[in-house]
2 protein chains.
Amino acid sequence: MSSPKVIDQDKKRPRGRPKGFDDAAAKDAIMMTFWQNGYRATSLDDLVKASGAARASLYQSYGDKRGLFIAAIENYSQKFADWVTQAMQDEPDTVLVLERILGASVARLTGGDMPDGCLRCNSTLEMAGADPLIDKALKTANQDFVDTIRRPLVRAAERGEISVQDADRLSVYLTALVNGMVVLARSGADESTLQTIVDDALVQVKQA
Amino acid sequence: MSSPKVIDQDKKRPRGRPKGFDDAAAKDAIMMTFWQNGYRATSLDDLVKASGAARASLYQSYGDKRGLFIAAIENYSQKFADWVTQAMQDEPDTVLVLERILGASVARLTGGDMPDGCLRCNSTLEMAGADPLIDKALKTANQDFVDTIRRPLVRAAERGEISVQDADRLSVYLTALVNGMVVLARSGADESTLQTIVDDALVQVKQA
DNA sequence: TTTCATCTAGACTGTGTGGTCTATAAAGTA
DNA sequence: TACTTTATAGACCACACAGTCTAGATGAAA
């Protein structure tokens, strides 16, 4: 995120005029804009302003509004997967990894530094079934989320701490809870309310 | 729903030309339309067609698109509350009432006879924070849902079966799970997957 | 320096939208 | 039969939007 960007990488620069904006930063800005407003309430002008890229450049890079949205969803998914990879490296204990993941979710859902809700959940309820390509991206993102939550549980299963069946079952169960907390948070639930839910859910995990 | 409508009730008929559509049926049709498409993707033309009412009549009755939407949300909330009232009359046992509620949710989320998802959840993730009046209606609807789920639990507490604290805690917990299942269902989860979640959650309830 | 590929700035266009307005139809009341 | 009230049908308007296009800017390659 805040790592010093390597300017002028060795990668050969293409022929024409160089972009006047940073690709990765623009991608993040586009993600944040869709996250903030939703798909339909985001205009191309919003994306142009947020990304710093020219309108035509966005069309050049992403095809159309739908392409921008799908890229945003993929970007969002990837960030979560990367975060969990890091958490699993930092924390060997399964329950503590899950505590971190769920605790970070609660913090983010109730903290003011990010847009409300979750781009994946927001988008799923706004757009599932409305467009084939978006639908596919959403299905992938939702499956990726379950798979990502599942990773620490699979590690626990490999260690013989729980069964593979429990890993599967719990990963879906915890996904449901996180998804549900997103809706609760957007309807005004505070941090302690959500944390109580997480604590109750972890009891479920520890019993497995 | 399909009960024979009493035509020409005793209520004195107002002076002017009578409405060419059924008020209650129109209200339901409006609810279904918003449920199907979401707020922003629903046009006034959609609502005119679905309700059978004239465009001007809708504006006369509801003020504007936002008023139509808020009425739809209130209508939706009321239907759920009525359903639970009935279920509590039919079934005295607390856990069995909750089983019915959650089971019906699973059936509806995976059955094809209703629009996808849940109008309350869909609308919350699409519109929370976007408009003050809609926001208020959504907060009310979400609080009503928790309160409605809470009713069988409060009845159990009054009977001394569980503590009031557990009733409060579990009502929020189960709300989170239902909300979460809505997202899961819209991302393609099948009935048995959701039913497994419900079964796991009911274990939690029985332990209280 | 010229050429070529790419990016930029923003004008432009067709379509769809929420909301209003007008003319008319259908009922009750006097 | 007039008069009043309410609903209907649909034309109408101003606006916002996604997407396209054009003219010019910028840099590498020749």
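Lettering follows sequence order; numbering is per chain, from 1. All values below come from the heavy atoms of this structure, side chains included, with hydrogens, waters and symmetry mates left out. Remember, predicted model here, so these are calculated numbers, not experimental data.
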Let's see if you can work this out: which of [options] has an atom nearest to the side-chain heavy atoms of [X]?
X	options	value
A:A54	C:dG18, D:dG19, C:dT8	C:dT8
A:Q60	D:dC17, C:dG19, C:dC7	C:dC7
B:S43	D:dA18, C:dT17, C:dG19	C:dT17

Within the 4.0 Å heavy-atom criterion, would you say B:T42 contacts the bases, only the backbone, or no part of the nucleic acid?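 Sugar-phosphate contact only - B:T42 comes under 4.0 Å of backbone atoms but never of a base.
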
Base, sugar-phosphate, or nothing for B:D45, non-hydrogen atoms under 4.0 angstrom?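 Here B:D45 touches no strand at all.
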
Can you measure [X] atom [atom1] to [N] atom [atom2] for me and round it to whole angstrom units?
X	N	atom1	atom2	answer
A:D131	D:dA18	CG	C1'	14 Å
B:K65	D:dC15	NZ	C1'	15 Å
A:L58	D:dT20	CG	C1'	14 Å
A:Y62	D:dA18	OH	P	17 Å
B:Y39	C:dT17	OH	P	13 Å
B:R40	C:dT17	CZ	P	15 Å
A:R66	D:dC17	CZ	C1'	17 Å
A:R55	C:dC7	CZ	C1'	16 Å

Lys/Arg N to Asp/Glu carboxylate O, B:D166 vs B:R169, below 4.0 Å: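 Judged by the 4.0 Å cut-off on N to carboxylate O distance, B:D166 and B:R169 do form a salt bridge.
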
A:K139 and A:D135 ion-paired at < 4.0 Å: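 Between A:D135 and A:K139 there is a salt bridge, with a charged N closer than 4.0 Å to a carboxylate O.
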
Search all heavy atoms of B:Y173 against all heavy atoms of A:A201 and return the closest pair with its distance.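 Looks like OH-CA, 3.7 Å.
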
Checking side-chain contact (heavy atoms from CB on, under 4.5 Å) for the pair A:I73/A:R120: CA distance, chi angles, key distance, verdict? CA-CA 7 Å; A:I73 290 168; A:R120 174 182 53 83; 6.0 Å; no

Under 3.5 Å for both distances, Watson-Crick or G-U wobble, that's the pair rule; now give the dot-bracket for DNA chain C, with | marking pairs to another strand and [ ] for crossing ones. ||||||||||||||||||||||||||||||

Backbone N or O of B:D200 within a donor-acceptor pair of the A:Q204 side chain at under 3.5 Å?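 Checking the backbone N and O of B:D200 against the side chain of A:Q204, a donor-acceptor pair under 3.5 Å is found.
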
Taking the nucleotide of DNA chain D with the nearest heavy atom to each, does A:A56 or A:L44 sit closer to the 5' end?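 Upstream on the strand: A:L44.
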
Evaluate side-chain contact (heavy atoms from CB on, under 4.5 Å) for A:S123 paired with A:L138, printing each intermediate quantity in order. CA-CA 8 Å; A:S123 304; A:L138 288 173; 3.7 Å; yes

For C:dT8 and A:S57 - does any side-chain N or O of the residue sit under 4.0 Å from the phosphate oxygens OP1/OP2?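 Checking A:S57 against C:dT8: at least one side-chain N or O falls below 4.0 Å of OP1 or OP2.
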
Regarding A:T110 and A:D190, do their side chains bring together a donor and an acceptor under 3.5 Å, going by distance alone?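 No, A:D190 and A:T110 have no side-chain donor paired with an acceptor closer than 3.5 Å.
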
Among B:Q86, B:K79, B:Q78, the one residue meeting side-chain hydrogen bond (donor to acceptor under 3.5 Å, both in side chains) with B:D82: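 By the side-chain hydrogen bond (donor to acceptor under 3.5 Å, both in side chains) criterion, B:D82 pairs with just one of B:Q86, B:K79, B:Q78: B:Q78.
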
Pair A:L109-A:E191, side-chain contact (heavy atoms from CB on, under 4.5 Å): steps then yes or no: CA-CA 8 Å; A:L109 286 171; A:E191 180 160 10; over 6 Å; no

Which one of B:W83, B:F69, B:W35, B:F34 satisfies the ring pair (Phe, Tyr, Trp, His ring centres under 6.0 Å) criterion with B:Y76?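 Answer after filtering B:W83, B:F69, B:W35, B:F34: B:W35.
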
Every protein N/O lying under 3.5 Å from an N/O of nucleotides 3-6 of chain C:
residue : atom : partner : partner atom : Å
C:dT6   : O2   : A:R17   : N            : 3.2

